[in-house]
Amino acid sequence: MNAPQHAHPTPVIAPRPMPAEMVDALRTRFGDRCSTAMAVRELHGRDESPFDVPPPDAVVYCESNEDVIDAVRLADRFAVPVIPYGVGSSLEGHLLAVQGGLSLDLSRMNRILEINAEDLSVTVQPGVTRTRLNEELRHAGLFFPIDPGADASIGGMTATRASGTNAVRYGTMRENVLALGVVSASGEWVRTGTRARKSSAGYDLTRLFVGSEGTLGVMTEITLKLYPLPEAVSAAICHFPSVDAAVQTTIAIIQMGVPIARCELLDGRTVAAVNRHDRLALREQPMLLMEFHGSPAGVAEQARTVQDIAAELGGEAFEWATTPEERTRLWTARHHAYFAALQTRPGCRCVTTDTCVPISRLAEAIGESVAEADAAGLPYFLVGHVGDGNFHIGYLIDPTRPEERVLAETLSAQLVGRSLRLGGTCTGEHGIGLHKMGFLVDEAGPAAVGLMRAVKQALDPKNIMNPGKIFEI
């Protein structure tokens, strides 16, 4: 594999103009919930990716299933692209209007439709955010564990098959979505799955839509698995002399079967950035931030085992956080790592990676990638949900210096190529979007991507559902 092959991807901009007749129809149906104002369009035409793309032609704020159905039917009639929009926190260009079209803002579809505490499930609209969902659930002694860091919408998390800090114990959106309500490309509302925990009834359409990045339909209802709040929770930080020592500790923890709930790696640069951003005083060296869930006795046993493992590999200065306030302070700082890193280079943009490898190859993948980044001299930061082999390097670039963008993309391509050679994936949780289409072919192969295209063409023959993402049609 020639990794730098995709070193400077440029989105293919192929506008499909929205007819004036469709604009008129949208205004008639939605009134002031349809906007063609440039400020509104620009807001819905950017995310956290490094791409600059023209905004969509119009924005519609949906409030119900019927709104989505009617908007999609108009788009189908005029063969105009439809781009679902949540909170705009995607990192790979998922919501960018590379072919123009209509941005469907689902943020007002933010109702929690049904909590079934006895069955440990909940049904929500796509605009519900993960933090609001958990605020509502805690009164019932329940929580939803998927935590990608940003206060993302449940719709966006489902569309990108998100995971995050708790995935090592609770899995990803793939394992935690039970059923969906989806508006198809022709404007038909379809139910996939049920609240039952398993089924052998036909094709698994739910898993087909989870991770489809808006390219197959618009999700309007999502049924999720829930979990009881743990009886005991404890968090700890441990500092290490090197990134490799921290990674080797993680590998030992997982291979020994310790049921750790969270295991996050921050390198020294990231710790320093977080200290400045959140006014902390953590040691500015590689650090693992861990969390343990279970009974008081179980949590204590897990913690002792992990502390012993870490000590053997140079870990020191264990600090425990057992109160909710202390834990929140630590995890809030971790979730601020991305923005803290951006502030270390004002005005910069970030080219991010999110590869995932088998746990046995994690040290090799991270070690070689860090060595390349150090040799290149480009500012970067490293964080990782390393408990499941997933890590991120963010290369901080000056957008006025094209050569830095090329260097960052080259480093990213080399990192992805290494991860694939080690049996991993080009994206552990962010998705393909615009940024990783070439890597998808490297990973899955032309035949598998051909099958994906066939599914797309069968379900969306006019190519109106978020076109230009995942692969070109």
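Quick caveat: nothing in here was measured; it's all calculated off a predicted structure. In this chain, residues are counted from 1 in sequence order.
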Side-chain donor or acceptor of S295 paired with backbone N/O of G298 under 3.5 Å:
yes
Non-hydrogen atoms of S186 and R73 that approach each other most closely
O-CG, 3.8 Å
Checking S369 against R418: is there a side-chain donor and acceptor pair closer than 3.5 Å?
yes
Compare all side-chain heavy atoms of I83 with those of H44 and state whether any distance is below 4.5 angstrom.
no
Quick one: do the T223 and R195 side chains pair a donor with an acceptor below 3.5 Å?
no
What do the steps show when you test N65 against V183 for side chain to side chain contact (heavy atoms under 4.5 Å, CB included), and what is the final call?
CA-CA 8 Å; N65 286 350; V183 176; 5.8 Å; no
Given L288 and T250, is the side chain to side chain contact (heavy atoms under 4.5 Å, CB included) satisfied, shown in steps?
CA-CA 8 Å; L288 287 181; T250 302; 3.6 Å; yes
Please check: side-chain N/O of R130 versus main-chain N/O of F144, any donor-acceptor pairing under 3.5 Å?
no
Working to the nearest 0.5 Å, report the span between CG of L224 and CD1 of I146.
9.0 Å
R27 CZ to D32 CG distance, which is reported to the nearest 0.5 Å
11.5 Å
Determine, stepwise, if the pair S49 / L96 fulfils side chain to side chain contact (heavy atoms under 4.5 Å, CB included).
CA-CA 9 Å; S49 73; L96 302 185; 3.8 Å; yes
Using modelled atom types only, decide if a donor and an acceptor are shared between the side chain of Q302 and the backbone of F292 within a distance under 3.5 Å.
no
Out of T353, D354, T427, which one pairs with K436 under the side-chain hydrogen bond (donor to acceptor under 3.5 Å, both in side chains) rule?
D354
Do H435 and H430 have ring centroids that are under 6.0 Å from one another?
no
Nearest heavy-atom pair of A97 and P55: which atoms, and what distance?
CB-C, 4.0 Å
Any idea how Y170 and F143 line up, ring-wise: parallel (<30°), tilted (30 to 60°), or perpendicular (>60°)?
perpendicular
Where do G387 and I359 come nearest, in terms of heavy atoms and distance?
O-CD1, 4.1 Å
T270 and D267: side chain donor to acceptor below 3.5 Å
yes
Any side-chain heavy atom of T352 within less than 4.5 Å of one from Y338?
yes
What are the two closest non-hydrogen atoms of V87 and S153, and how far apart are they?
CG2-N, 4.1 Å
Spell out, as yes or no, whether a donor-acceptor pair under 3.5 Å connects the side chain of R197 to the backbone of L178.
no
Taking C-beta and beyond as the side chain, do F391 and T355 meet within less than 4.5 Å on heavy atoms?
yes
Atom of S90, atom of L95 and distance for their closest heavy-atom approach
OG-CD2, 3.8 Å
Within the 3.5 Å criterion, strictly below it, is a donor on D147 or H335 matched to an acceptor on the partner's side chain?
yes
Quick check: does any side chain N or O of K469 sit under 3.5 Å from a backbone N or O of T215, one acting as donor and the other as acceptor?
no
Donor-acceptor contact present, side-chain R108 to main-chain C62, <3.5 Å
no
We want to know whether T220 and W189 form a side-chain donor-acceptor pair, criterion being a heavy-atom distance below 3.5 angstrom.
yes
Is it the case that the side chain of N166 and the backbone of G171 share a donor-acceptor pair, with hydrogens and angles ignored and the cut-off at 3.5 Å?
no
More than 12 heavy atoms from other groups under 6.0 Å of CD on E21
no
Can you find a pair of side-chain heavy atoms, one from M157 and one from P148, that are under 4.5 Å apart?
yes
Does V182 reach the side chain of L205, with side-chain heavy atoms less than 4.5 Å apart?
no
Check each of H293, R262, E291 against R169 using the side-chain contact (heavy atoms from CB on, under 4.5 Å) test, and report the only one that passes.
H293
Do side-chain atoms of D204 reach the backbone of R207 as a donor and acceptor pair under 3.5 angstrom?
yes
Heavy-atom side-chain proximity of L106 to V218 below 4.5 angstrom:
yes
Could you give me the CA-CA distance, side-chain angles and deciding distance for Y61 and F30, then say whether side chain to side chain contact (heavy atoms under 4.5 Å, CB included) is met?
CA-CA 8 Å; Y61 293 88; F30 295 100; over 6 Å; no
With salt bridge (charged side-chain N to carboxylate O under 4.0 Å, His left out) as the test, pick out the partner of R349 among D47, D52, D398.
D52
Please determine, by modelled atom types, if S163 and T172 share a side-chain donor-acceptor pair under 3.5 angstrom.
no
So do the side chains of I254 and I260 get within less than 4.5 Å of each other, counting heavy atoms only?
yes
Side chains of H336 and Q343: do they bring a donor and an acceptor to under 3.5 Å?
no
Verdict with supporting geometry, D67 and R33, salt bridge (charged side-chain N to carboxylate O under 4.0 Å, His left out)
CA-CA 10 Å; D67 284 351; R33 288 190 288 128; 2.7 Å; yes
Looking at CD of E92 and CE of M437, how far apart are the two atoms once the value is rounded to the nearest 0.5 Å?
11.0 Å
Taking the side chain from T344 and the backbone from A341, do they hold a donor-acceptor pair closer than 3.5 Å?
yes
Carefully, step by step, assess R191 and E221 under the rule salt bridge (charged side-chain N to carboxylate O under 4.0 Å, His left out).
CA-CA 9 Å; R191 163 66 68 180; E221 293 183 10; 3.0 Å; yes
Point-to-point distance, once rounded to the nearest 0.5 Å, from OG1 of T123 to CD1 of I222
9.5 Å
Would the distance check show the side chain of T28 and the main-chain N or O of D24 forming a donor-acceptor pair, the cut-off being under 3.5 Å?
yes
I need the L180 CG to T192 OG1 distance, nearest 0.5 Å.
4.0 Å
Taking the side chain as everything from C-beta on, heavy atoms only, tell me whether R138 gets closer than 4.5 Å to N134.
no
Nearest atoms (heavy-atom pairs only) where A185 meets I464
O-CD1, 3.5 Å
Would you say E213 and N466 are linked by a side-chain donor-acceptor pair, where the criterion is simply a distance under 3.5 Å?
no
Rounded to the nearest 0.5 Å, how far does CZ of R29 lie from CG of D70?
4.0 Å
